**Student:** 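Got a structure for you, written out below as structure tokens; questions coming shortly.
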Amino acid sequence: MGQKYVPELHDPNYRKAEGQDDKPLTDEEAERRFDAIIAKLDAEDRAAQRSQ
């Protein structure tokens, strides 16, 4: 049996996210956004706990 060639395995840039023309984030930008999302989720969770 022969192996099928899968372009995604050989070239990670073969397919890009559709509809996103933004350049990829740097590690620092991604970490900053991640921290902001976590802070927002924590604030929402605290607000939900107070209202119960």
Side-chain angles (χ1 to χ4, degrees):
M1 265 199 276
Q3 293 181 341
K4 182 177 178 182
Y5 177 76
V6 181
E8 294 89 2
L9 297 177
H10 300 280
D11 181 10
N13 295 321
Y14 172 73
R15 293 202 43 147
K16 298 193 185 258
E18 295 177 10
Q20 296 183 1
D21 295 329
D22 297 334
K23 61 181 181 173
L25 297 175
T26 65
D27 289 342
E28 185 177 313
E29 291 170 330
E31 189 172 326
R32 201 175 312 132
R33 286 191 185 187
F34 178 78
D35 290 342
I37 291 169
I38 296 301
K40 181 179 178 188
L41 291 173
D42 286 344
E44 289 175 358
D45 188 45
R46 283 193 297 272
Q49 288 177 358
R50 277 190 231 132
S51 67
Q52 288 180 351

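Heads up: numbering here begins at 1 and tracks the sequence. This structure is a prediction, so every number in the text was calculated from the model and none was measured.
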**Student:** What pairs with S51 under side-chain hydrogen bond (donor to acceptor under 3.5 Å, both in side chains), at least two apart in sequence or on another chain?
**Tutor:** none

**Student:** Taking only residues two or more places apart in sequence, or in another chain, which ones meet D27 in a side-chain hydrogen bond (donor to acceptor under 3.5 Å, both in side chains)?
**Tutor:** none

**Student:** Does any pair with a residue in residues 30-45 pass salt bridge (charged side-chain N to carboxylate O under 4.0 Å, His left out), and if so which ones, sequence neighbours excluded?
**Tutor:** E28-R32

**Student:** To which residues is I37 joined in a hydrophobic cluster, defined by side-chain heavy-atom contacts under 4.5 Å among Ile, Leu, Val, Met, Phe, Trp and Tyr, whether direct or through other members?
**Tutor:** L41

**Student:** Can you list the residues that meet the side chain to side chain contact (heavy atoms under 4.5 Å, CB included) rule with R50, with sequence neighbours excluded?
**Tutor:** R46

